[in-house]
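No hydrogens, no waters, no symmetry mates; every other heavy atom, side chains included, goes into these values.
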2 protein chains.
Amino acid sequence: MKTPTTDRDPSPLSEAGASTAAQARFQRLHKILRDRICLLDYAPGHHLGEEDLAQEFGTSRTPIRRVLGWLESEGLIERRHGVGTIVTDVDLRSLDQVYRLRLELASLMGRLAPMRCSDADLALLQTHLTRCSKLRQQREPTEFARLNMDFCVALFSMIGNAPLREITERLYFQTSRIWLKSVPAMDLEEEISHFERQIFDVIEALRVGDHGAVGDICRAHISMSFNRMTLLRHAQAGGASLGATATA
Amino acid sequence: MKTPTTDRDPSPLSEAGASTAAQARFQRLHKILRDRICLLDYAPGHHLGEEDLAQEFGTSRTPIRRVLGWLESEGLIERRHGVGTIVTDVDLRSLDQVYRLRLELASLMGRLAPMRCSDADLALLQTHLTRCSKLRQQREPTEFARLNMDFCVALFSMIGNAPLREITERLYFQTSRIWLKSVPAMDLEEEISHFERQIFDVIEALRVGDHGAVGDICRAHISMSFNRMTLLRHAQAGGASLGATATA
DNA sequence: GACAAGTTAAATGTACACAACATATCGAAA
DNA sequence: TTTCGATATGTTGTGTACATTTAACTTGTC
């Protein structure tokens with residue numbers, strides 16, 4: 001119950017689920033650290049000490065180093081000899097490129113191959129919708145972040161084209177935390193409202209069996225979400241240049 | 001001179017070029033092993049012993065293990081505790097999925113962002129065209145494989161959208177060796193002829209500045225190449241079921 | 001007071017010995 | 001002859017001590 005580890009998902013990382021104990025531990029640690037990074041528990045620039053992590057998880061540095069190597073290959077952290085391991089940040093130019101690509105990939109989601117959507121999957125998305133409704137009253141950014149991640153992971157896991165699925169997940173994990181950084185400064189209620197509508201529309205499209213529409217819905221929401229974030233950033237930059245109230 | 005290591009390419013793997021000696025060695029080993037896998041020097045199923053590699057490159061197993069971990073994250077090898085490390089194979093279903101995705105990504109090549117094409121890049125592609133012309137008389141599959149890889153790497157490095165560039169390279173390295181396995185059974189002269197036309201057309205499009213056309217040309221050639229390979233496979237399968245001359 | 005060289009501390013990279021694991025081999029009993 | 005099992009062998013995973021590198025601190029001099 002503490003760590004579900006999602007054993008219903010046959011291919012979260014690359015291929016079949018963990019067979020040996022070592023691979024199981026590897027995937028567990030990988031997911032834990034990845035979530036900490038993507039949920040801003042480890043913000044960009046945060047220092048990750050191998051020794052500290054080894055002590056926390058009761059192992060030596062060796063398995064930790066393997067996990068860190070994987071996270072490095074995914075572009076989430078950066079290691080420098082003699083300096084340390086830090087969570088990477090993404091500049092606005094790169095972020096813009098990633099989002100433009102994500103728009104195109106979203107269109108392909110249900111078109112290259114039909115979505116793999118069982119009744120259990122639909123039920124899971126329904127729970128996300130319920131969680132989102134409750135969240136409209138709580139308004140906790142942390143819970144919003146986790147719900148967003150849970151929903152996206154669940155949705156992406158339904159993508160029929162395997163390489164597209166992996167790439168979509170990869171790009172999401174690379175950029176979600178950057179978007180998340182802007183959430184506190186945004187109108188949280190509005191964001192939650194938009195997100196709730198996205199979940200609702202996606203469920204509707206899946207229920208009807210219009211898999212192409214799922215991609216279009218996601219594309220539209222990704223686009224609008226990115227636009228709101230960009231607008232916010234420009235407003236902040238403008239306000240800073242005028243009133244000099246920013247931290248910089 | 002022995003190992004060019006392409007220091008003109010600012011971002012072959014993930015980010016900036018190797019700064020420390022350790023990272024330089026890592027990238028060198030990574031490129032060497034990746035090329036061996038993708039050029040079928042290590043065919044699918046081939047066993048890669050950590051101890052052997054360590055001895056060959058004059059290091060301990062530790063740096064080797066780091067490189068193997070990276071190759072594993074790229075889907076080129078598979079490691080199993082107590083068994084060994086083997087080069088992965090790709091079944092036809094997965095191969096079909098990858099090619100369908102590559103078609104779509106090719107269309108985006110010059111559309112998401114303009115190609116980064118300098119005069120030096122054009123000159124490099126010209127040398128590829130020259131090499132291809134010479135190859136029409138030599139007809140060496142190995143050289144054809146290397147030329148194909150050199151051209152694709154050079155072309156992909158011009159993709160303006162960084163994440164699309166990385167993904168395109170990644171998918172190419174994942175599947176090129178599978179296509180390469182079928183080359184010996186194909187009409188090599190025809191393949192070389194097609195490839196030469198592709199290079200010529202790409203150069204022409206780049207010279208005119210029609211970056212969108214570059215993607216369309218590549219898409220067309222990828223599509224036709226995959227069709228020829230599929231046709232060949234079906235012919236082999238049909239012949240095997242009729243005459244029982246196959247290895248199976 | 002400012003600057004520069006040496007020193008110290010902390011981090012990742014490396015090497016090696018050992019543990020855990022899977023498979024092949026050999027042999028004895030039914 | 002067949003089958004089951006113990007054993008031998010080879011492979012990757014882990015733990016640990018040490019080397020290498022970087023940045024910050026200290027200290028001495030101009």
Side-chain angles (χ1 to χ4, degrees), chain A residues 13-33 36-37 42-88, chain B residues 13-33 36-37 42-88:
Chain A
L13 259 179
S14 60
E15 342 189 348
S19 52
T20 72
Q23 287 185 7
R25 177 169 71 171
F26 169 80
Q27 292 197 3
R28 189 175 62 91
L29 292 183
H30 173 77
K31 179 169 166 40
I32 291 176
L33 293 185
R36 286 185 185 175
I37 293 173
Y42 296 154
H46 181 92
H47 177 83
L48 286 156
E50 296 181 354
E51 196 68 50
D52 300 339
L53 293 172
Q55 228 171 359
E56 176 183 354
F57 295 108
T59 70
S60 76
R61 278 176 54 206
T62 309
I64 301 294
R65 283 182 61 76
R66 184 171 183 177
V67 175
L68 292 183
W70 205 280
L71 292 173
E72 187 183 19
S73 81
E74 293 174 317
L76 296 181
I77 62 175
E78 186 181 347
R79 300 155 90 182
R80 269 186 297 180
H81 191 183
V83 179
T85 303
I86 61 170
V87 177
T88 55
Chain B
L13 259 179
S14 60
E15 343 189 347
S19 52
T20 72
Q23 287 185 7
R25 177 170 72 171
F26 168 79
Q27 292 198 2
R28 190 174 62 90
L29 292 184
H30 173 77
K31 180 170 164 41
I32 290 176
L33 293 184
R36 285 185 185 175
I37 293 173
Y42 296 154
H46 181 92
H47 177 82
L48 286 157
E50 296 181 354
E51 195 68 51
D52 299 340
L53 293 173
Q55 228 171 359
E56 176 183 353
F57 295 107
T59 70
S60 76
R61 278 175 52 206
T62 309
I64 300 294
R65 282 183 61 76
R66 183 171 183 178
V67 175
L68 292 183
W70 205 281
L71 292 173
E72 187 184 17
S73 81
E74 293 173 317
L76 297 182
I77 62 175
E78 187 181 348
R79 300 155 91 181
R80 269 187 295 181
H81 190 184
V83 179
T85 304
I86 62 170
V87 177
T88 54

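Map A:R80 and A:R66 each onto its nearest nucleotide of DNA chain D; the residue landing nearer the 5' end is A:R66. Of the two residues contacting DNA chain D, namely A:A22 and A:H81, the nearest-nucleotide position lying further toward the 5' end is that of A:A22. Of the residues near DNA chain C, A:V83 and A:A21, the one whose nearest nucleotide (by heavy atom distance) lies more toward the 5' end is A:V83.
When DNA chain D is scanned in the 5' to 3' direction for atoms under 4.0 Å from non-hydrogen atoms of chain A, the outermost contacting nucleotides are D:dG13 to D:dT22. Protein chain A touches strand DNA chain C; the 5'-most and 3'-most nucleotides with an atom under 4.0 angstrom of its non-hydrogen atoms are C:dA11 to C:dT14.
Sorted by residue number, the members of residues 48-64 of chain B with any non-hydrogen atom under 4.0 Å from DNA chain C read B:T59, B:S60, B:T62, B:P63.
For the pair B:L29 and B:L53, the minimum side-chain heavy-atom distance is 4.5 Å or more. A heavy-atom distance below 4.5 Å is not found between the side chains of B:R65 and A:R65.
B:R80 CZ: 12 or fewer foreign heavy atoms inside a 6.0 Å radius.
Atom CD of B:Q27 sits about 12.0 Å away from atom CD1 of B:I32, to the nearest 0.5 Å. Atom CD in A:Q23 sits 10.0 Å away from atom NE2 in B:H81 (nearest 0.5 Å). Between the NE2 atom in A:H30 and the CD atom in A:E74 there is a gap of 4.0 Å [rounded to 0.5 Å]. Atom CD1 of A:I64 and atom CD of A:E51 lie 10.0 Å apart (nearest 0.5 Å). The CD1 atom of A:I77 sits 11.0 Å away from the OH atom of A:Y42 when rounded to the nearest 0.5 Å. Once rounded to the nearest 0.5 Å, the distance linking CZ of B:R25 with OG1 of B:T20 reads 10.0 Å.
For the side chain to side chain contact (heavy atoms under 4.5 Å, CB included) with A:H46, the lone residue among A:V87, A:T85, A:I37 that qualifies is A:V87.
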